[in-house]
Amino acid sequence: MSFREFKEQVKKSVEIAIGEADYPLIDFEPFEPPRPEFGDLSVNVAFIIANKLGLNPLEVAEAIGDKLRIPEDSLIADFEVHEPGYINFKVRYPDLAYRSILDAISKEDYGSLNMGKGKKVCVEHTSVNPNKALHIGHVRNLVLGDSIYRVLKFTGHDVQILNYIDDSGSQIADIVVGFKYAGFPLEPPEGKKFDHYCGDHVYVKVNELYAEKPELIMKQKEVLKAIEEGNSDIADFAKELTKRILKEQLKTCWRIGAYYDCLNFESHIIETKIWDKLFNIMKDKGIVQFVKEGELSGCWVIKMEGEDEEKVLKRSDGTLTYIAKDIPYAAWKIGLIEDPFQYDIFIKQPNGKDLWSSVSGKGKDEHPSFGNSDLAITVIDVRQSRLQKIISYILSLLGGKSEKKYLHLGYEVVSLSKRTADELGIMIEKKEFIHMSGRKGIYMNADDVLDALHKKAYEETKKRNPNESEEWHHNIAEKIAISALRFDLIKQDLDKMIVFDLSESLNLEGETGPYVQYAHARASSIIQKAGIIPTITLDGASLLNDPTELELVKMISKFDLYVEETVKNLSPKILARYAYQLATDFNVFYEKKPVLQEKDETKREARMALVHAFRNVVKTAFSLLGIETPDRI
RNA sequence: GGGCCCGUGGCCUAGUAUGGAUUAGGGCGUCAGCCUGCGGAGCUGAAGGUCGUGGGUUCAAAUCCCGCCGGGCCCGCCA
């Protein structure tokens, strides 16, 4: 926490000096200068003031510098006015090192913040149609949503994780047709997961068959209608099918480290008839209009302010469109409507947490409270941006500051590289990548990627730890595989499409999750060999004066600032990059400064404490990204 | 046609919100080094850049504004 204090002290001292120099108060943030010789924090207030008043920046900086007083007991060691007008501050290193190392080795929750106290947030992520296995694109969604959940929780938010299950769409009808009318056996081939079987074989093949056998399309329509109406053998069969697939999908999610609080089934949203209630309110408020003539005659539509096009919510035959079904769910998330759902426990998760779900008919009398959040974060890829915008718009018209409570967290899609597509037998013409499509069979299953990573990591751990058991190797290999995958999908900007290439992702060196895990394992090894719990003293801290030590100390002391940034921007990549930089700083220190071999006892213990502090921080940072850090890999 | 996003060395990417400091950070790949030192999934060094492009604003632009070019997505009484 110490770097934050230093930053606050710099800010306050400068503010006071600006006042004493009779300059106008301005808004500014101290920032980290680009080069170490410029100090640890800088302010550029002189430029802003000079610009405003038409003065010379350097003169302004000097005038402020003249008035600057460093408070007693502060973390500011010194400052310097530097051309063309910066004021650079140096931190008191021994104090910074002492305090941050002490905190990092003694506080369980080092880096956590209280910024979300009393704030109820729900995060919806994953939400994969229950007719196929998760592919690599779905994992980007899951990893993003799960990391956000973890960071929000770490910063004191009251978070619940939702997973929306569209169990009544045409994709479900497709596989029902496959089993009932196209002759696919209900049991998968030996060794094949049921969700893989349904996605890889049934779903793709049925969609191919539609071209050859038009009668199957008629069957699909019948099935779809039966599912919507319920109370039939077909509807029951569909329900069982989706449940079975969903349970297999959840195994993959758990494997990656994501757990949920509640599943919301689309069929239950329809059953509760909350649409009707909401629709009446929308009619009363004039949010929706009935179209009397023209192409959309007989439809209820919504028109966005400032746009020409209308969006149909209720079709002329009285059925609801895709987006209409999403509105009550969104309204429920932010507490605009009373909770209409019944709940029961769906399954007990491997982490011991109950997974609840909405149910048809009567549920359990007692259950946790779901929905009704201060903030609802919906994680969906950017292709849904327009629809999400319309939903936000409708919510805002319904009132209650809804526009601030509903947030679409969009991210670009994952596509397959030409090379990986080739390896999967998918033909690509000209382009370097191809967009995934479950229907067309163009995708790479998450489990297959993990299995490939697992195999690679397994071979590596075998070489490095020949005396360990098979079980140990598989256990560690799995953690490395998850690390590689999660880090790979979270480290870059949400606005950038990821072109997934399996061969590239199998490289576990460089800017990767395993690199960070490796640094952690090195630190663990030192601590284990030391055989003591190191402590830090101010004397010891003052001996940590090598540049590699200073860098590592500073990075450790800034952990909470990065946590805060991550939450403010809802951007886990900030934490991923922090963890990587931290690991790099450690590795550089490790190569240069011996710890256990150090002769000077005080110095040795100080370094051990630094190693310990690093280990704790990197472990916490990675845990926020859902990645485990074993002591040996 | 309208809207949203991306464009940084051979490839991938950070920095763009809040414009600044004669070396624009990383990673992969390439080349050259480093274990009789706590784990070489590591470290050090080298080569490689008109920050798509043309204007503009500014003392100062990868960053802000406008145009253009290239790429992706969205614009259904599908989901």
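Hydrogens, waters and symmetry mates play no part in the numbers below; they use all other heavy atoms, side chains included. Every chain is numbered from 1, with letters handed out A, B, ... down the list of sequences.
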Output the rounded distance in Å from [atom1] ([X]) to [atom2] ([N]).
{"X": "A/M304", "N": "B/C74", "atom1": "CE", "atom2": "P", "value": "17 Å"}
{"X": "A/L552", "N": "B/G42", "atom1": "CG", "atom2": "P", "value": "18 Å"}
{"X": "A/L313", "N": "B/A79", "atom1": "CG", "atom2": "P", "value": "12 Å"}
{"X": "A/L224", "N": "B/A79", "atom1": "CG", "atom2": "P", "value": "8 Å"}
{"X": "A/D488", "N": "B/C11", "atom1": "CG", "atom2": "C1'", "value": "14 Å"}
{"X": "A/I390", "N": "B/C75", "atom1": "CD1", "atom2": "P", "value": "10 Å"}
{"X": "A/Y580", "N": "B/C12", "atom1": "OH", "atom2": "C1'", "value": "13 Å"}
{"X": "A/H408", "N": "B/C73", "atom1": "NE2", "atom2": "C1'", "value": "12 Å"}

Closest approach of A/S168 to A/I270 (non-hydrogen atoms, all atoms of both residues) |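 Smallest heavy-atom distance, with atoms named: OG-CD1, 4.0 Å.
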Interatomic distance at P, B/C64 relative to B/A17, whole Å =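 B/C64 and B/A17 have their P atoms separated by 5 Å.
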Distance between P atoms of B/G20 and B/G25 (Å, rounded) =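 15 Å, rounded to whole Å.
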Proximal nucleotide (of [options]) relative to the [X] side chain:
{"X": "A/V588", "options": "B/C43, B/U23, B/C5", "result": "B/C43"}
{"X": "A/E309", "options": "B/G42, B/G76, B/A79", "result": "B/G76"}
{"X": "A/K529", "options": "B/G42, B/U13, B/G39", "result": "B/G39"}
{"X": "A/N507", "options": "B/G39, B/C73, B/G29", "result": "B/G29"}
{"X": "A/L387", "options": "B/U23, B/C38, B/A79", "result": "B/A79"}
{"X": "A/K573", "options": "B/A79, B/C74, B/A14", "result": "B/A14"}
{"X": "A/Q597", "options": "B/G26, B/C38, B/G15", "result": "B/C38"}
{"X": "A/R35", "options": "B/A21, B/A14, B/C59", "result": "B/A21"}
{"X": "A/Y86", "options": "B/G20, B/U23, B/C6", "result": "B/G20"}
{"X": "A/I633", "options": "B/G39, B/G29, B/U13", "result": "B/G39"}

Base, sugar-phosphate or nothing for [X]? Non-hydrogen atoms, less than 4.0 Å.
{"X": "A/P84", "result": "nothing"}
{"X": "A/K389", "result": "nothing"}
{"X": "A/E504", "result": "nothing"}
{"X": "A/D317", "result": "nothing"}
{"X": "A/S297", "result": "base"}
{"X": "A/K491", "result": "nothing"}
{"X": "A/T461", "result": "base"}
{"X": "A/H82", "result": "base"}
{"X": "A/N465", "result": "nothing"}
{"X": "A/D631", "result": "base"}
{"X": "A/E29", "result": "nothing"}
{"X": "A/N569", "result": "base"}
{"X": "A/F28", "result": "nothing"}
{"X": "A/S316", "result": "base"}

Quick one: the side chain of A/S42 and the base of B/A21, do they pair up donor-acceptor inside 3.5 Å?
->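 Donor-acceptor pair under 3.5 Å: yes.
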Any donor-acceptor N/O pair under 3.5 Å between B/A60 base and A/N51 side chain |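 For A/N51, whose side chain was compared with the base of B/A60, there is no donor-acceptor pair (under 3.5 Å).
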Check [Y] with [X], please: is the shortest side-chain N to carboxylate O separation under 4.0 Å?
{"X": "A/D381", "Y": "A/R140", "result": "no"}
{"X": "A/E80", "Y": "A/K90", "result": "no"}
{"X": "A/E549", "Y": "A/K593", "result": "no"}

Kindly state whether the ring of A/F500 and the ring of A/F433 have centres lying under 6.0 angstrom apart.
->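 No, the ring centres sit 6.0 Å or more apart.
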Does the gap between the ring centers of A/Y329 and A/Y164 come in under 6.0 Å?
->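 Aromatic pair counts; centres sit under 6.0 Å.
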Using 30° and 60° as the class limits, which term best fits the ring planes of A/Y580 and A/F487: parallel, tilted or perpendicular?
->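 Tilted, since the angle between the ring planes falls between 30° and 60°.
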With both distances under 3.5 angstrom, what nucleotide forms a Watson-Crick or G-U wobble pair with B/U44?
->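 For B/U44, the partner nucleotide comes out as B/A32, under the 3.5 Å rule.
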So, A/Y515 and B/G42: ring centres less than 5.5 Å apart, planes less than 30° off, yes or no?
->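 Stacking between A/Y515 and B/G42: absent.
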Answer yes or no for this row: A/Y590 ring on B/C38 base, centroids under 5.5 Å, planes under 30°.
->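 Yes.
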Under 4.0 Å between a side-chain N or O of A/H435 and OP1 or OP2 of B/C73?
->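 Checking A/H435 against B/C73: at least one side-chain N or O falls below 4.0 Å of OP1 or OP2.
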A/S524 (side chain) donor-acceptor with A/H520 (main chain) under 3.5 angstrom =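 Such a contact is found between A/S524 side chain and A/H520 backbone.
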